[in-house]
2 protein chains.
Amino acid sequence: MAPNHEPVEGHMARPKREDINDVNRRNDLVIAAAMLFKERGYHGTTMRDIARATNMQAGSPFYHFASKQDLLFAGVEESLLGCLADLEAIDPQAMPALGYFRALVRAHLQRLLETQGGMVPMVVDEWRYLEGAQLEVVLAIRRRFEALWQDAFVRLKDAGHTKRSDPMACRFFLSALHGTVRWYRPDGPLSPAEIADELVDYTLCSAADVEDHYSR
Amino acid sequence: MAPNHEPVEGHMARPKREDINDVNRRNDLVIAAAMLFKERGYHGTTMRDIARATNMQAGSPFYHFASKQDLLFAGVEESLLGCLADLEAIDPQAMPALGYFRALVRAHLQRLLETQGGMVPMVVDEWRYLEGAQLEVVLAIRRRFEALWQDAFVRLKDAGHTKRSDPMACRFFLSALHGTVRWYRPDGPLSPAEIADELVDYTLCSAADVEDHYSR
DNA sequence: CCTACCGATCGGTAGG
DNA sequence: CCTACCGATCGGTAGG
């Protein structure tokens, strides 16, 4: 016994051999849980399911996490922060509005659809089963995420690529963006990057494009 | 004891007094269950929760439904068929493509967002917990639903109101349409009809509109 | 991390 | 529909 420390250890603690193992196993749990939550839903998944998927005994996950909710929170927070980091790594000043927007959509769909065996889609539906302070943390991250997209939309419109950049338009766009997790199949005909380009095209509205390059 | 008949009673059975009561109580259960499934998820809701919400004792819902899944199925199927009936009641021949499309979006958002105290949004997320034959039935209805929207999109493009009418574009649109259930609030500033008009505007892409009537 | 265990709850049933 | 009940399972804990 020892771990189960949410508030993380002291500063700069040089990890010893056992610590590394603990961290690895902890991470295995987060991923296995996220995958199961995605497939069967949070309440449809059992701590015993998660233990089995990680080759542990029924009570062992509680060595790493104090509760099932803490395990959900770890997965949701990690995924969301990962998404946000990807997007914030792209410099808006380094490229034109359209290129920036396309880079955002590509980065996000890559993260959403092909990270770690597909655990990230879980965040789209399952965050809502969090409560209290953990829910607040997640909502705060989501607000930063939405503000970033909102800004990108404003730039897009200022450059003449869309007719709207209001919050409602941004919401419609984000629904289409996140809706991909409900129909995307890894073995399907389109890669995440290709889907990204399709969505960018769908979202744009320049006069020139109305003369269809797209039939079918 | 008596009911609990899924395959419905004989043809044209004139309902007696008790039958009416059974039908009413059965319907109360479907609505209460759907509301709870929407709020807490299917697996996060207990048959006892549903019983309590209907002023029954713990075991009584099983007089009307053989299982929890049957109760879910009843709500999902009824909601989906209701949606489909609304849409099929609109005659495409009776109006121009744009008017038809707008009528569809309005009808659907009305059904989705303000029917029976808001039970319908449940179908967006919870149908996936169905299994076997019931799941197949629901997927079949959904295919009809999507085909209808696909046709509407083709008409929209033929009339020059969108640049795309391919299945992917239709999917993006439907995600935005159904995503409304995740942010719509009955006490919010916009009615379902107003949201419908916003979405129609967002989806259109005529050259004339690019000169923004919309700022912000 | 495993073993062994607990109290609570859950879906569902019998019998009227 | 209620009463009374059952077997199974669940989240979680103690103790090493």
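Residue numbering restarts at 1 for every chain, and letters A, B, ... go by the order of the sequence lines.
- Stem analysis of DNA chain C (at least three stacked-register Watson-Crick or G-U pairs, each with both distances under 3.5 Å) gives C:1-16 with D:1-16.
- Rounded to whole Å, the distance from OH on A:Tyr63 to C1' on D:dG16 is 13 Å.
- In this structure, NE2 of A:His64 is placed 12 Å from C1' of C:dC2, rounded to the nearest angstrom.
- A salt bridge is absent between B:Arg185 and B:Asp187: the closest approach of a Lys/Arg side-chain nitrogen to an acidic carboxylate oxygen does not fall below 4.0 angstrom.
- Below 30°, between 30° and 60°, or above 60°: for B:Tyr129 and B:His43 the angle between ring planes is above 60°, a perpendicular geometry.
- Of the possible donor and acceptor atoms, one in the side chain of A:Ser175 sits under 3.5 Å from a partner among the backbone N and O of A:Arg171.
- Ring planes of B:Phe101 and B:Phe153: perpendicular class, angle over 60° (limits at 30 and 60°).
- B:Glu78 pairs by the salt bridge (charged side-chain N to carboxylate O under 4.0 Å, His left out) definition with nothing, not counting sequence neighbours.
- Close to D:dC1, at under 4.0 Å from its OP1 or OP2, lies no side-chain N or O of B:Gln57.
- With sequence neighbours left out, the salt bridge (charged side-chain N to carboxylate O under 4.0 Å, His left out) criterion links A:Arg128 to B:Glu126.
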Open item on the list: Within the 4.0 Å limit for protein heavy atoms, which parts of nucleotides 4-14 of chain D are touched? Write it as a string from 5' to 3', B for base, S for sugar-phosphate only, - for none.
Closed with: ------BBBB-

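- Listed by chain and number, the residues in a salt bridge (charged side-chain N to carboxylate O under 4.0 Å, His left out) with B:Asp151 amount to none (sequence neighbours excluded).
- For B:Arg40, the salt bridge (charged side-chain N to carboxylate O under 4.0 Å, His left out) test picks out B:Asp49, with sequence neighbours left out.
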